[in-house]
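Only one structure is covered here, and it is reproduced in the block below.
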Amino acid sequence: MSILTPLRLRRRSRHVGEGITNPSLSLPGKLALALLSLFGLLPVYWLVATAFMQRHDVFAANRPFFPLHPTLDNFGTFFSNTTLLENVVNSIVISTGTALISVVVSGLLAYSLSKFRYRGRNAIMVMFLIGQLIPGALLLVTLYLMFSAAGLLYTYAAVVLAYMTFTLPLSAFLLKGIIDGLPDEIIEAAKMDGLSNLATLFRIVFPLVAPGLVTAGMFAFMRSWSDLLFALTLAGPDKQTLPVGMTTAFIHEGAANWPALMATSVLTSLPLAVIFVVLQRYFVSGLAAGAVKG
């Protein structure tokens, strides 16, 4: 295997990503892709249209496809609810903490599984895969009892650790596939220069797999930002996240304020949309980099 410089590795990863974002399609393929895109965007349009509708239009028998009397009152409901604003802060703290810890821990784990040979390495990978088959509701009962015994129930730590049971295995597998593509000669050269394993990881490996780290962080952030079940059960009243706050504020027995709920959903989805648009090229490169081998 020839030694590939970091610049060449990045170029090869970017080339694979560009093949995904700019595919060569025939006219029928482009038309089919456009139809699928419209089908996928229809729920998004319905969400935005409902956010601007008045409540009596939403529940009308002949509901209009477009808002006939658009209003911004539904968005004002979100900003006037101080509890929801507190939920936003909780979501930011929990989602950011989950993303940062998942990236660091999964990076360490992926580096170990990829570049070290030791007993039980394959067993760890199989264990992670089997763990993904366990239903979340079943796992929730176990986590609840564990956190209750440890005195962590209704804390930020409990929610972050619960989310990591999902984000850590997938992030580790993603990063392992990328690190597998790094030539061993680069790591051996770093060791010859006197770098320790930890220094090699943070100074050599992590910069080379930066798109993968961004992808893993985005996945962990979005997974924890949108979760309802674990936050509802493991977070205390003052630690509840935005999905829990939205459910409590707008959905009641026998009634639901759908326009206000949709308006809040639009506002709270904007940060994720902005993050995805800004980091899109890193996200695609990170997903594609696992296919790049030395």
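A tilted orientation is assigned to the rings of Phe75 and Phe52, their planes being inclined by 30° to 60°.
Surrounding CZ of Phe39 are at most 12 heavy atoms belonging to other residues, nucleotides or ligands under 6.0 Å away. More than 12 heavy atoms of other residues, nucleotides or ligands sit less than 6.0 Å from atom CZ of Arg63. Summarising the local packing, CE of Met146 is surrounded by 12 or fewer heavy atoms from other residues, nucleotides or ligands at distances under 6.0 Å. When the shell of 6.0 Å around NE2 of His69 is examined, it contains 12 or fewer heavy atoms from other residues, nucleotides or ligands. Heavy atoms of other residues, nucleotides or ligands lying less than 6.0 angstrom from CZ of Arg119 number 12 at most.
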Step by step, work out the side-chain contact (heavy atoms from CB on, under 4.5 Å) result for Phe166 and Asp227.
-> CA-CA 11 Å; Phe166 293 96; Asp227 177 78; over 6 Å; no
Check against side-chain contact (heavy atoms from CB on, under 4.5 Å), Ile204 and Ile186 = CA-CA 8 Å; Ile204 304 297; Ile186 293 180; 3.6 Å; yes
Criterion side-chain contact (heavy atoms from CB on, under 4.5 Å) on Phe250 and Leu84, from CA distance to verdict = CA-CA 11 Å; Phe250 302 123; Leu84 284 177; 3.7 Å; yes
Stepwise, does the side-chain contact (heavy atoms from CB on, under 4.5 Å) test hold for Thr50 with Leu261?
-> CA-CA 9 Å; Thr50 305; Leu261 179 60; over 6 Å; no
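Between Asn74 and Ala51, the shortest heavy-atom distance links the atoms ND2-O, 2.8 Å. Between Gly212 and Ile178, the closest heavy-atom pair is CA-CD1, 3.5 Å. For the pair Ala220 and Thr167, the tightest heavy-atom approach, listed with the atom from each and the gap, is CA-CG2, 3.6 Å. Listed here is the closest heavy atom pair of Val160 and Ile94: CG2-O, 3.9 Å.
Of the possible donor and acceptor atoms, none in the side chain of Thr165 sits under 3.5 Å from a partner among the backbone N and O of Leu161. No donor-acceptor pair under 3.5 Å is formed between the side chain of Thr233 and the backbone N or O of Phe230. Proximity of a side-chain donor or acceptor of Ser95 to a complementary backbone N or O of Ile92 within less than 3.5 Å is not detected.
Phe206 places a side-chain heavy atom less than 4.5 Å from the side chain of Leu201. Two residues are said to be in side-chain contact when any heavy atoms from C-beta on lie closer than 4.5 Å; Lys115 and Ile179 meet this criterion. Within the 4.5 Å cutoff, the side chain of Tyr163 has heavy atoms near those of the Val159 side chain. With a 4.5 Å cut-off on side-chain heavy atoms, Val209 and Tyr111 do not count as touching. With a 4.5 Å cut-off on side-chain heavy atoms, Thr83 and Asn87 count as touching. Using a 4.5 Å heavy-atom cutoff, the side chains of Leu174 and Phe219 are not in contact. Here the side chains of Leu232 and Leu229 are not in contact, with every heavy-atom distance at 4.5 Å or above. Considering only heavy atoms from C-beta on, Phe173 comes within 4.5 Å of Met125 through its side chain.
Hydrophobic clustering of Ile, Leu, Val, Met, Phe, Trp and Tyr side chains at less than 4.5 Å, counting indirect connections, unites Met246 with Trp225. Taking hydrophobic clusters as Ile, Leu, Val, Met, Phe, Trp and Tyr residues chained together by side-chain heavy-atom distances below 4.5 Å, Met53 does not share a cluster with Phe66. In the hydrophobic cluster analysis, where Ile, Leu, Val, Met, Phe, Trp and Tyr join through side-chain heavy atoms closer than 4.5 angstrom, Leu143 is grouped together with Ile101. By the rule that hydrophobic residues join a cluster once side-chain heavy atoms approach within less than 4.5 Å of another member, Phe65 and Val266 end up as members of separate clusters. Hydrophobic clustering (side-chain heavy atoms under 4.5 Å, transitive across Ile, Leu, Val, Met, Phe, Trp, Tyr) groups Leu272 together with Leu47.
Expressed to the nearest 0.5 Å, how far CG of Leu213 lies from OG of Ser102 amounts to 12.0 Å. From Leu195, atom CG reaches atom CD1 of Ile187 across 11.5 Å, with rounding to the nearest 0.5 Å. Annotation: the span from Asn257 atom CG to Met262 atom CE amounts to 9.5 Å, rounded to 0.5 Å. Note that CG of Leu36 is 11.0 Å distant from CG of Leu31, once rounded to the nearest 0.5 Å. The distance from atom CG of Leu68 to atom CG of Asp57, rounded to the nearest 0.5 Å, is 6.0 Å. Expressed to the nearest 0.5 Å, how far OG of Ser148 lies from CG of Leu153 amounts to 5.5 Å.
A donor-acceptor contact closer than 3.5 angstrom is absent between the side chains of Ser106 and Ser171. Side-chain contact, Tyr118 with Ser112: a donor N or O sits under 3.5 Å from an acceptor N or O.
Geometric assessment of Lys239 against the ring of Tyr156 yields a positive cation-pi assignment under the 6.0 Å and 45° thresholds.
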